[in-house]
Amino acid sequence: MNFKVVSCQACMTAALVAFAPVSHADFLSDLFGSASKEPVVLPLSTAQILQDEVYAVDGKKISAWEVKEVKTKRKTSYQFVQVMGKESLPSTQIDAGSVVTSTGKVKLEKPIGVTFLKNGDVQLSYGLKKAPVVIDMELKAFDVSGQKIANYLKTKDGKESADAEKAGSATFPKGSIAYKAVTKFVNGEMVLPVRESFTNAKAPKDIVENFSSVPYCLSYEPRVGSNAYGITFNKAESKATSGKYTILPVRRDTIFCKPSGEPAVANGTWNLVKTARNTAVVLTIPSNVDPRDFGIKTHENGVAKVAFIAPGKGDHVFRPGRYYAKGSKLEGQNFLFNKVAALAVSNEIGSKF
């Protein structure tokens with residue numbers, strides 16, 4: 001899908017259509033393209049966008065947010081408001097339930113603070129005021145009036161949503177705006193998914209020792225040509241801060257992780273990574289293995305890394321999640337909407353607004 005700010009083709013088409021027979025209008029439109037076929041980039045900052053309600057439509061689940069200005073005699077501040085639903089803005093873009101710190105898990109729900117930065121991003125703060133987890137987000141706006149609604153119903157990994165078929169050939173009404181989000185990690189963070197799982201390891205050495213003779217099964221993206229893998233470590237490296245792991249094909253028909261008996265496919269490396277907040281055993285995927293078979297989506301490759309994250313206060317075991325290095329950026333693959341567009345989507349797919 002191509003986005004444009006200004007198209008001189010539209011001007012050329014208009015001029016030609018003025019002198020061409022009406023029967024040729026469709027031909028000229030197909031030849032040059034038209035404004036109705038491409039969304040137009042709108043010159044709106046993230047601050048301007050969030051002054052109005054922004055919606056995420058996921059089937060019957062609709063969430064919405066806006067930022068309200070709070071003025072006092074001393075200063076002007078901003079308050080992040082959950083208008084509808086329960087899903088957080090970051091979790092609509094990535095599978096992020098919480099950030100793990102040494103003092104505990106910080107839920108990425110309602111932020112405790114909102115700051116608009118000079119570069120146009122909005123900075124959301126979570127957790128404790130003295131040492132918050134901060135995540136920057138950038139929103140880009142597109143006028144999608146006249147566009148097919150189905151084309152903008154995507155999952156988090158950019159695939160067509162199950163609701164797209166319900167929308168059929170319906171188009172967005174005038175005034176419809178769609179948004180793309182970019183999530184930016186200001187600091188290196190250890191992130192757990194919304195649905196957590198766990199290991200029985202209480203220390204980094206336990207990860208290596210416990211999964212040396214018995215593999216740890218990785219989640220993988222269900223698709224044609226997918227591979228189910230497990231990994232094993234070298235027990236002799238249990239006290240090291242880096243080492244190698246082996247990737248083995250595993251069976252898909254058992255509850256417990258069992259090797260299929262096929263030869264190992266590759267070796268990868270691991271490192272004990274420490275941030276200012278926490279520690280994790282982080283895996284580097286070898287180049288000859290598809291990251292999707294490690295649960296890493298195509299658009300996450302090179303940004304997110306599989307990590308066994310050390311427990312924070314109140315937890316007792318390492319849990320699998322993602323490590324995002326300082327400065328990491330992840331462009332969302334789905335769309336958010338303004339109220340006009342969200343209402344149109346809701347009406348077409350039969351969700352309750």
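- The closest side-chain heavy-atom distance from S328 to V303 is below 4.5 Å.
- The salt bridge (charged side-chain N to carboxylate O under 4.0 Å, His left out) test applied to R252 returns no partner, not counting sequence neighbours.
- M190 and F185 fall into different hydrophobic clusters, where Ile, Leu, Val, Met, Phe, Trp and Tyr side chains are chained together by heavy-atom contacts under 4.5 Å.
- The residues D58 and K156 are annotated as not salt-bridged, no charged nitrogen and carboxylate oxygen being separated by less than 4.0 angstrom.
- Pairing each heavy atom of E109 with each of Y126, the nearest pair is O-CE2, 3.1 Å.
- Both the sub-6.0 Å distance and the 45° axial angle are satisfied by K180 relative to the ring of F335.
- The side chain to side chain contact (heavy atoms under 4.5 Å, CB included) test with F318 is passed by exactly one of N200, V100, I207: I207.
- Inter-residue side-chain proximity for V114 and V122 is flagged as met; some heavy-atom pair is nearer than 4.5 Å.
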(message) Test side-chain hydrogen bond (donor to acceptor under 3.5 Å, both in side chains) on S351 and S346; report intermediate values, then the result.
(response) CA-CA 5 Å; S351 58; S346 178; 3.1 Å; yes
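- Counting heavy atoms of neighbouring residues, nucleotides and ligands inside a 6.0 Å radius, atom CZ of R223 exceeds 12 of them.
- The ring of Y245 has its center no closer than 6.0 angstrom to the ring center of F211.
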(request) For the pair T101 and V133, evaluate side chain to side chain contact (heavy atoms under 4.5 Å, CB included) and give the outcome as yes or no after the intermediate values. (result) CA-CA 9 Å; T101 72; V133 171; 4.3 Å; yes
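- A chain of hydrophobic side-chain contacts below 4.5 Å, direct or via other Ile, Leu, Val, Met, Phe, Trp or Tyr residues, connects M84 to I349.
- Other residues, nucleotides and ligands contribute only 12 or fewer heavy atoms inside 6.0 Å of the CZ atom of F198.
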(request) Please report the C-alpha distance between I231 and L248 in whole Å, then the side-chain angles of each, then the deciding distance to 0.1 Å, and finally whether the side chain to side chain contact (heavy atoms under 4.5 Å, CB included) criterion is met. (result) CA-CA 6 Å; I231 60 172; L248 300 165; over 6 Å; no
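- Side-chain atoms of P111 and S125, non-hydrogen and from C-beta on, never get closer than 4.5 Å to each other.
- Residues V54 and L330 are members of one and the same hydrophobic cluster, defined by side-chain heavy-atom contacts under 4.5 angstrom among Ile, Leu, Val, Met, Phe, Trp and Tyr.
- Residues D121 and V182 fail the side-chain proximity criterion, which asks for heavy atoms closer than 4.5 Å.
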(request) Go through N267 and T246 one step at a time and tell me if the side-chain hydrogen bond (donor to acceptor under 3.5 Å, both in side chains) criterion holds. (result) CA-CA 5 Å; N267 290 318; T246 300; 3.1 Å; yes
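- With rounding to the nearest 0.5 Å, the separation of OG in S88 from CD1 in I94 is 8.5 Å.
- Side chain to side chain, N334 and Q93 meet the donor-acceptor criterion of an N or O pair below 3.5 Å.
- Here the closest heavy-atom approach between residue A264 and residue P249 is recorded as CA-CD, 4.4 Å.
- Here the side chains of F172 and V345 are in contact, with some heavy-atom distance below 4.5 Å.
- Within the 4.5 Å cutoff, side-chain heavy atoms of T279 are placed close to those of L272.
- For the atom pair C217 SG and R251 CZ, the distance stands at 11.0 Å (nearest 0.5 Å).
- For E69 and K71, the salt-bridge test passes: some basic side-chain N is under 4.0 Å from an acidic carboxylate O.
- The shortest non-hydrogen separation linking L117 to D136 is CD1-OD2, 3.4 Å.
- Rounding to the nearest 0.5 angstrom, the gap separating the CD1 atom in I247 from the OH atom in Y229 is 7.0 Å.
- Ring centers of F308 and Y216: under 6.0 Å apart, within the cut-off.
- When each of F353, W65, F337 is checked for a ring pair (Phe, Tyr, Trp, His ring centres under 6.0 Å) with Y55, only F353 meets the rule.
- Minimum heavy-atom separation, R322 to A307: C-CB, 4.2 Å.
- A single hydrophobic cluster is not seen to contain both V273 and L283; linkage of ILVMFWY side chains at heavy-atom distances under 4.5 Å, directly or through other members, places them apart.
- Put simply, CG on L108 and CD on E87 are 11.5 Å apart, with the number rounded to the nearest 0.5 Å.
- Nearest approach of I149 to A167, heavy atoms of both residues: CG2-CB, 4.0 Å.
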(request) Go through K129 and I112 one step at a time and tell me if the side chain to side chain contact (heavy atoms under 4.5 Å, CB included) criterion holds. (result) CA-CA 8 Å; K129 289 184 178 181; I112 60 169; 3.9 Å; yes
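- If you take CD on E300 and CZ on F294, they are separated by 14.0 Å, rounding to the nearest 0.5 Å.
- Under the rule for a side chain to side chain donor-acceptor pair (under 3.5 Å), the partners of K105 that lie at least two apart in sequence or sit in another chain are E196.
- Side-chain atoms of V186 and I135, non-hydrogen and from C-beta on, never get closer than 4.5 Å to each other.
- Under the salt bridge (Lys or Arg N to Asp or Glu O under 4.0 Å) criterion, the residue pairs touching residues 254-277 are E189-R277, with sequence neighbours excluded.
- Using a 4.0 Å cut-off between charged side-chain N and carboxylate O, E209 and K239 make no salt bridge.
- Between K202 and V317, the shortest heavy-atom distance links the atoms CG-CG1, 4.4 Å.
- Side chain of S91 to main chain of D95: no donor-acceptor pair is present (N/O by atom type, distance under 3.5 Å, no hydrogens or angles).
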(request) Decide yes or no on side chain to side chain contact (heavy atoms under 4.5 Å, CB included) for K107 and S98, but give the supporting numbers first. (result) CA-CA 4 Å; K107 294 287 186 181; S98 62; 4.2 Å; yes
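- Contact check on E138 versus K184 returns a salt bridge, with a Lys/Arg side-chain nitrogen under 4.0 Å from an Asp/Glu carboxylate oxygen.
- By the 4.5 Å heavy-atom criterion applied to side chains, M137 and T46 are not counted as neighbours.
- Clustering ILVMFWY residues whenever any of their side-chain heavy atoms sit less than 4.5 angstrom apart, transitively, puts Y324 in a cluster other than the one holding V282.
- For the 3.5 Å distance criterion, the side chains of D52 and N338 fail to qualify, holding no donor opposite an acceptor.
- Between the side chains of D157 and Q333, not a single donor N or O lies within less than 3.5 Å of an accepting N or O.
- For the atom pair D290 CG and I285 CD1, the distance stands at 9.0 Å (nearest 0.5 Å).
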(message) Does E348 form a salt bridge (charged side-chain N to carboxylate O under 4.0 Å, His left out) with K148? I'd like the steps, not just the answer.
(response) CA-CA 11 Å; E348 292 302 327; K148 284 185 66 174; over 6 Å; no
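- Between F116 and Y78, the ring-plane angle classifies as perpendicular under the 30° and 60° cut-offs.
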